[in-house]
Amino acid sequence: MADTKPGLRKPAFTKVDQLRPGTSGHNVAVKVVSTKMVLQKGRVDGPQARQMRISECIVGDETGVVVFTARNDQVDLMKEGTTVTLRNAKIDMYKGSMRLAVDKWGRVEVIEPASFKVKEDTNISLVEYELVNAVE
């Protein structure tokens, strides 16, 4: 048997306007427009001194913006004006609207500033979706 490793594929990047409800595995390069701390709680005492932080960030590219839910260590990376790559991101539905999120299987990386201008007037998180059961 030959010791041949399959070559790594280049990630295929998605634009914000191509995101759809219930999808996952997205690689998106976005700029952080704004960030707002939603939840910060934790225990400083005890053997497991953990702190839980959740921040809602408006991120976008030249096609539109979406709400990104940053958790714990991701909150530190999401500063206004920063350009980040979200790898293996998924779409979570919250009260009928789309939220972009990266779980433990994904990655948030700060990259060099991008040259695109964020299209802030097209927020896809403002579109409300309704789950409809199709009858066969």
Side-chain angles (χ1 to χ4, degrees):
M1 267 197 179
D3 291 331
T4 58
K5 286 187 176 180
L8 293 177
R9 295 186 287 139
K10 286 266 186 210
F13 282 87
T14 307
K15 296 291 182 190
V16 170
D17 66 344
Q18 297 171 333
L19 300 174
R20 298 289 174 254
T23 56
S24 62
H26 301 291
N27 296 317
V28 190
V30 290
K31 274 187 188 174
V32 180
V33 177
S34 67
T35 180
K36 182 178 85 172
M37 185 66 73
V38 178
L39 176 73
Q40 185 166 1
K41 67 178 184 180
R43 299 177 64 159
V44 212
D45 58 335
Q48 296 172 331
R50 285 191 307 195
Q51 188 166 355
M52 185 171 165
R53 298 180 297 165
I54 296 178
S55 180
E56 286 186 346
C57 311
I58 304 289
V59 298
D61 59 14
E62 66 271 7
T63 63
V65 294
V66 66
V67 175
F68 172 72
T69 306
R71 302 174 192 279
N72 302 327
D73 294 338
Q74 298 171 357
V75 173
D76 300 328
L77 301 174
M78 305 304 282
K79 306 253 186 286
E80 278 186 42
T82 308
T83 305
V84 294
T85 300
L86 308 174
R87 295 191 185 272
N88 201 18
K90 62 179 182 168
I91 297 291
D92 287 333
M93 297 304 289
Y94 177 74
K95 294 184 179 176
S97 65
M98 292 194 298
R99 303 287 169 100
L100 195 59
V102 174
D103 58 9
K104 67 180 180 177
W105 304 111
R107 193 170 183 182
V108 178
E109 299 173 313
V110 177
I111 57 174
E112 66 258 2
S115 59
F116 58 78
K117 172 101 172 73
V118 178
K119 186 176 181 183
E120 294 184 44
D121 56 344
T122 308
N123 188 341
I124 65 170
S125 290
L126 295 178
V127 178
E128 202 168 306
Y129 291 88
E130 184 177 340
L131 181 63
V132 178
N133 292 327
V135 179
E136 293 181 15

* Please round to the nearest 0.5 Å and tell me the distance separating atom CG of Asp103 and atom CD of Gln74. =>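 Rounded to the nearest 0.5 Å, the CG-CD separation comes out at 8.5 Å.
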
* OG1-CD distance between Thr35 and Glu56, expressed to the nearest 0.5 angstrom ->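 The distance works out to 9.0 Å.
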
Partner residues of [X] under the side-chain hydrogen bond (donor to acceptor under 3.5 Å, both in side chains) criterion, sequence neighbours left out:
X	result
Asn88	none
Asp61	Thr63
Arg20	none
Glu109	Arg87, Arg107

Hydrophobic side-chain clustering at under 4.5 Å (ILVMFWY, transitive links): who's grouped with [X]? Put none if nobody.
X	value
Ile124	Val16, Leu19, Val28, Val30, Val32, Val59, Val66, Phe68, Leu77, Met78, Val84, Leu86, Ile91, Met93, Met98, Leu100, Val102, Val108, Val110, Val127, Tyr129
Val65	Val33, Ile58, Val67, Phe116, Val118
Leu126	none

* To do: Take atom OH of Tyr94 as the centre, draw a 6.0 Å sphere, and report whether it contains more than 12 heavy atoms from other residues, nucleotides or ligands.
  =>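 Check fails, neighbour count at 12 or below.
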
* What residue pairs, at least two apart or across chains, pass salt bridge (charged side-chain N to carboxylate O under 4.0 Å, His left out) with a residue in residues 111-128? ->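 Qualifying pairs, neighbours excluded: none.
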
* Listed partners of Thr83 passing side-chain contact (heavy atoms from CB on, under 4.5 Å), at least two apart ->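 Partners of Thr83 by the side-chain contact (heavy atoms from CB on, under 4.5 Å) criterion, ordered by chain and then number, come out as Lys31, Ile111, Pro113, Ala114.
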
* side-chain contact (heavy atoms from CB on, under 4.5 Å) involving Lys79 - partner list, sequence neighbours excluded ->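 Only Thr82 meet the side-chain contact (heavy atoms from CB on, under 4.5 Å) criterion with Lys79.
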
* Asked: salt bridge (charged side-chain N to carboxylate O under 4.0 Å, His left out) with Asp76: which residues, sequence neighbours excluded?
  ->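 Arg53.
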
* Side-chain contact, heavy-atom cut-off 4.5 Å: Thr85 with Asn27? ->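 SC-SC contact between Thr85 and Asn27 ruled out.
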
* Working for side-chain contact (heavy atoms from CB on, under 4.5 Å), residues His26 and Gln18 -> CA-CA 10 Å; His26 301 291; Gln18 297 171 333; over 6 Å; no

* To do: Measure across Val75 and Ser55 and return the closest heavy-atom pair with its distance rounded to 0.1 Å.
  =>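 Distance-wise, the nearest heavy atoms are CG2-CB, 3.8 Å.
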
* Asked: Ser97 and Ser125: which non-hydrogen atoms are nearest, and at how many Å?
  ->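 Scanning both residues, the minimum pair turns out to be CB-O, 3.0 Å.
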
